[in-house]
Amino acid sequence: KRLVVLVSGSGTNLQALLDEIARTGAEQYGAAVVAVGADRDGIEGLARAERAGLPTFVCKVKDFGGREEWDAALTEAVAAYEPDLVVSAGFMKILGKEFLARFGGRIVNTHPALLPSFPGAHGVRDALAYGVRVTGCTVHFVDDGVDTGPIIAQGVVEIRDEDDESALHERIKEVERRLLVEVVGRLARNGYRIEGRKVVIQ
Ligand code: GRF
């Protein structure tokens with residue numbers, strides 16, 4: 001299976017996928033990353049892709065007349081690589097109607113909180129501020145909402161009294177990377193069905 005990964009930052013989730021595929025081999029894992037896209041330049045996620053010898057592309061909103069044009073451009077850029085699955089790993093833009101029409105049901109996102117709690121761009125900070133004692137991460141299919149799609153898997157992370165946002169986020173990312181690698185491999189190898197809010201992996 002062909003994966004296109006979308007990043008906006010450090011790309012450690014991307015790196016976890018690349019490392020696992022290198023370790024087990026694409027055949028065994030069931031998928032290979034064929035391209036990496038971003039919404040901005042100069043991020044470590046793109047450098048990781050380049051170090052792995054992968055094609056990359058950048059679609060910046062400000063380079064287009066508006067969100068619709070950006071969404072159309074991103075859709076075409078991703079479609080050029082004919083992905084079976086699109087993995088949004090720390091991609092910090094909301095995917096638009098055209099993208100969802102083209103790839104809906106095949107877009108996996110990872111979020112650093114236990115959805116439906118704490119959706120949006122500050123899930124780690126919001127969980128900490130709320131005072132929950134456990135938080136975690138969620139791997140889910142993307143639908144037309146923000147972090148509202150059918151949930152595939154979740155991992156729990158205890159919050160410690162001494163935690164600040166970055167310490168907690170780092171601990172969440174350790175769980176998140178393992179969860180994403182495991183889920184993407186299973187989806188690619190076994191195939192899956194989405195039945196309403198349930199995901200059935202064969
Ligand atoms: C991940 O925790 C992701 O869930 C969140 O941003 C982080 C991205 O980390 N949206 P990285 O770029 O994969 O290191």
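In each ligand, atom 1 is the first atom listed, and ligand 1 is the first ligand listed. Only this structure's heavy atoms are used, side chains among them; waters, hydrogens and symmetry mates stay out.
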Hphob cluster co-occupancy, Tyr192 + Val87, side-chain heavy atoms under 4.5 angstrom: yes

Using a plain distance cutoff, I'd like to know if Gly11 has any nitrogen or oxygen under 3.5 Å from a nitrogen or oxygen of ligand 1. yes

With side-chain contact (heavy atoms from CB on, under 4.5 Å) as the test, would you mind laying out the steps for Thr135 and Tyr130 before giving the verdict? CA-CA 11 Å; Thr135 186; Tyr130 193 95; over 6 Å; no

What protein heavy atom lies closest to atom 6 (O) of ligand 1? Include the residue and the distance to one decimal. Gly90 CA, 3.8 Å

Give me the nearest non-hydrogen protein atom to atom 7 (C) of ligand 1 as residue plus atom name, then the distance to 0.1 Å. His169 NE2, 3.8 Å

N-O pairing of Glu182 and Arg186 below 4.0 Å: yes

Answer yes or no: is there an ion pair linking Arg133 with Asp161, defined by an N-O contact shorter than 4.0 Å? yes

Give the numbers and elements of all ligand 1 atoms closer than 4.0 Å to a heavy atom of Ser10. 11 (P), 12 (O), 14 (O)

Counting each atom of ligand 1 from 1 as listed, which ones have a heavy atom of Glu176 under 4.0 Å away? 1 (C), 2 (O), 3 (C), 4 (O)

Tell me which one of Ile43, Thr12, Val7 gets a heavy atom nearest to atom 11 (P) of ligand 1. Thr12

Got Phe141 and Leu187 here, is their nearest side-chain heavy-atom distance under 4.5 Å? yes

